[in-house]
Protein chains: 2
Amino acid sequence: MNKKELNPYVSVDCVIFGFDLEQLYVLLIDSGSMEGYKQSRMAVPGDLIYDTENLDTAARRVLKELTGIENIYLEQIGAFGDPDRIGKKASDRKWLESIRAMPEARVITVAYYSLVRMPNFNPKASSFAKSAGWAPVSEVHDLAFDHYEILQSGLEQLKRKIKIQPIGFNLLPEKFTLSQLHKLYECIYDKALDKRNFRRKILNLNILTNLDEKQIGVPHKPSQLFKFNEENYKKLSEEGFDNFGF
Amino acid sequence: MNKKELNPYVSVDCVIFGFDLEQLYVLLIDSGSMEGYKQSRMAVPGDLIYDTENLDTAARRVLKELTGIENIYLEQIGAFGDPDRIGKKASDRKWLESIRAMPEARVITVAYYSLVRMPNFNPKASSFAKSAGWAPVSEVHDLAFDHYEILQSGLEQLKRKIKIQPIGFNLLPEKFTLSQLHKLYECIYDKALDKRNFRRKILNLNILTNLDEKQIGVPHKPSQLFKFNEENYKKLSEEGFDNFGF
DNA sequence: GAGCAATGTGTCTTCACAACACTACCAAAT
DNA sequence: ATTTGGTAGTGTTGTGAAGACACATTGCTC
C-alpha cells in the first residue's frame, strides 16, 4: 500500500446505447470465447488509449473502429480504477492469462456512454472483438470485469441527463413519430407515461418540427412524422431550461 | 498518434469546498512558488495514486494528509486526460522542469470534490504542498494546469447534486440556523432566494430537527438551531425524491 | 364493410412555486 | 429606560405546470 504506482494502463470503455423503437439496447462484444465461461465474457467495447490522444478522442476512435460511425453523442461517465477490477472474477483472470503478457497489470478505465441510431450501422467485428451485437439492456445481468457496474452507471447518467436535455433524439431515426419518442422515454425510465401529458409537454418545448408527412404502410392510422429542430433547441438551451422530466 | 501508450501517470485531484457562513471557499495549495508566476501556480491538492489503492481511497488519502479529516463527503467529478493538460501554460512547464525527472510525461487525473466543515480543521502543509489555504470561489480566476476547469466542473456538479440530495449539510456546523442554510444555497447558486419560500420548502422535507436551542450572544433576535436528521433523510431517499431545487 | 390497431385530442383538479411586507426579538448604545 | 439597528420569523394569493382521465378518428386488412 505504500509503493507508488508509476504506470497503470489506461483504457476507455464505451457503453453504446441503441433503440429499435421497442427496447433499449446496448452494444456488447464477445471479448474472446472461453469455454464454459461464455456468459460472463461479454463486455463493453474499449481499448487502451494512445500516446497523444485525449480521452474523448480515444472513445470516438473506439466507436468509429467498431461501428464506422462518427459524430455521435458521447459523454463521459467517469473513471473506474479498483486495483482488482479486471481480476475479480475467475473467468476474467483465465481470459487475461490467455491473452496478455502481464495479466496482473493494473488497468484504469475511463467510461463513456454514447447514443446511436441502431439501424444506421452494423457493428463490425473489429480488431478487439471476435463479434459484436446488440443486447436488450433489460436482459443483461452479468458482464466481464466491472462492465456491468459501468453499464448501470451509464444508464443512470442517461436517465439524469435526459431530464435536462432532449438527447433522446440521438437514438431515433431522423423522422420519427411522437409515439416512438414516447416509447423511448418509457423504455429509459422503465415505466409507463401518460400519452396526452407526454405529448403536451414535449410539444410545448417547441423543439419538434412537424414534417406534414405521414407514416405509410402501417396497418393502422398513420402517424405524423416529426424531426428534431436544432435551431429552437439551441435557443432554448441558451435561455436555460431544466427539467422536462416525467 | 499511432503508438500505444502503455504507461501514463495517474493522479487524483480534490476540489475541497468549504463554507464560512458567508462565502463558498475552495482549498488551494501553493505547489511551489515560481518567481514571477505566482498567480497561476495555485492548484487543487492531488497526488499520484498508489499501487494497490483504488481511486476513492487515493482521494481520501490526499484529503487526510492535507486536512487530517476522514469520513467526509466525496464524489468523483470525472477524468481529465488531455495529453497536454499539464504543459499548456509556460508557467506550468517551467515548474515541471524544475521538479520532475521527466517533465514531459503524461499525467491523467481523476478529479473529486468534497465538502468539509471549514472550522473543523487547519490545512497543514503536507508532502505535496508548501502551503495551503482557503480562497473564495468567486475570486479564483486562474489556476495551474487545467485545475480551473476542474474546479468549474466540480462546482457544476455540486449545483446539480444539491438539487437532488441535501448534501449541503456537510458544509455546515452540526448545529446551524435556517438562515445559514439559506445563505449556503444562495452562495452555491450565486443568486438570491426568497426567504419564506426557502424555509417552507426545506422544512416540508422533514429532514431537519429543531433543537429547541437558540443562538446566544448575537446582537439581534437569536435564531433557532437545527440539526440534520439522518434517519428521516434515509427514509426519504429510499422512497425516492428528486428535486428540491430552488 | 366490419374489425382491428394505433393515432390524436380537451378538461378538470391538484399541487408546487413565485411574489410579496410586516411584526417580534435581542443587544448595544445613549 | 429608551432608542436604534439588525436579523428572525411568519401567511396569503395568484399563476402555471402536471396528473388523471375516455372517446372519436383513420387507414389497413380480411
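Since the model is a prediction, treat every value here as computed from it, not as a measurement. Letters go in sequence order (proteins before strands), and every chain restarts at 1. Heavy-atom basis, side chains included; hydrogens, waters and symmetry copies ignored.
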* Cation-pi check, A:Arg41 onto A:Phe145 ring (under 6.0 Å, within 45° of axis) -> yes

Looking at every strand, decide which applies to A:Thr177 at a 4.0 Å heavy-atom threshold: base, sugar-phosphate, or nothing. nothing

task = Step by step, work out the side-chain contact (heavy atoms from CB on, under 4.5 Å) result for B:Arg60 and B:Tyr112.
result = CA-CA 10 Å; B:Arg60 290 190 191 283; B:Tyr112 284 80; over 6 Å; no

Of the listed D:dG9, C:dG8, D:dA18, the closest approach to the A:Gln224 side chain comes from C:dG8

- [ ] Compare side-chain N and O positions of A:Ser179 against OP1 and OP2 of C:dA6 and report whether any pair is under 4.0 Å apart.
- [x] no

With a 3.5 Å cut-off and just heavy-atom distances, do the side chain of B:Arg196 and the base of D:dA8 make a donor-acceptor pair? no

Are there any protein N/O atoms within less than 3.5 Å of an N/O atom in nucleotides 23-29 of chain C, and if so, which ones and at what distance?
unit_1	atom_1	unit_2	atom_2	d
C:dC25	O2	B:Lys221	N	3.4

Per atom distances to the A:Arg200 side chain, the nearest of D:dA18, C:dA18, D:dG9 is D:dA18

Under the 3.5 Å rule, do the base of D:dA8 and the side chain of B:Arg199 count as making a donor-acceptor pair? no

Here the distance between atom P of C:dA18 and atom NZ of B:Lys201, to the nearest Å, is 6 Å

Is it the case that over 12 heavy atoms from other parts of the model lie below 6.0 angstrom from the CD atom of A:Glu174? no

Separation of C:dC17 atom C1' from B:Asn204 atom CG, nearest Å, is 12 Å

When you measure from the side chain of A:Asp146 to the backbone N and O of A:Glu149, does any donor-acceptor pair fall under 3.5 Å? no

- Do B:Gln180 side-chain atoms and B:Leu21 backbone N/O form a donor-acceptor pair below 3.5 Å? no

Note to self: Is there a side-chain contact between A:Ser223 and the phosphate of C:dA6, meaning an N or O under 4.0 Å from OP1 or OP2?
What the structure shows: no

Separation of C:dA16 atom P from B:Phe198 atom CZ, nearest Å, is 18 Å

When rounded to whole Å, the CD to P distance for the pair A:Gln215 and C:dA5 reads 16 Å

A:Leu225 atom CG is separated from D:dG27 atom P, nearest whole Å, by 14 Å

Among the nucleotides D:dA18, D:dA22, D:dA20, whichever has the atom closest to the side chain of A:Asn197 is D:dA20

Rounded to whole Å, the NZ-P distance (A:Lys195 to C:dA5) equals 15 Å

Whole-Å distance, B:His182 NE2 to D:dT7 P, equals 14 Å

From CG of A:Asp194 across to P of C:dG8 the rounded distance in Å is 15 Å

Tightest non-hydrogen contact, residues A:Asn210 and A:Gln224, listed as OD1-OE1, 2.9 Å

Item to check | Near-ring test B:Phe169/B:Tyr73, centroid separation under 6.0 angstrom | outcome: no

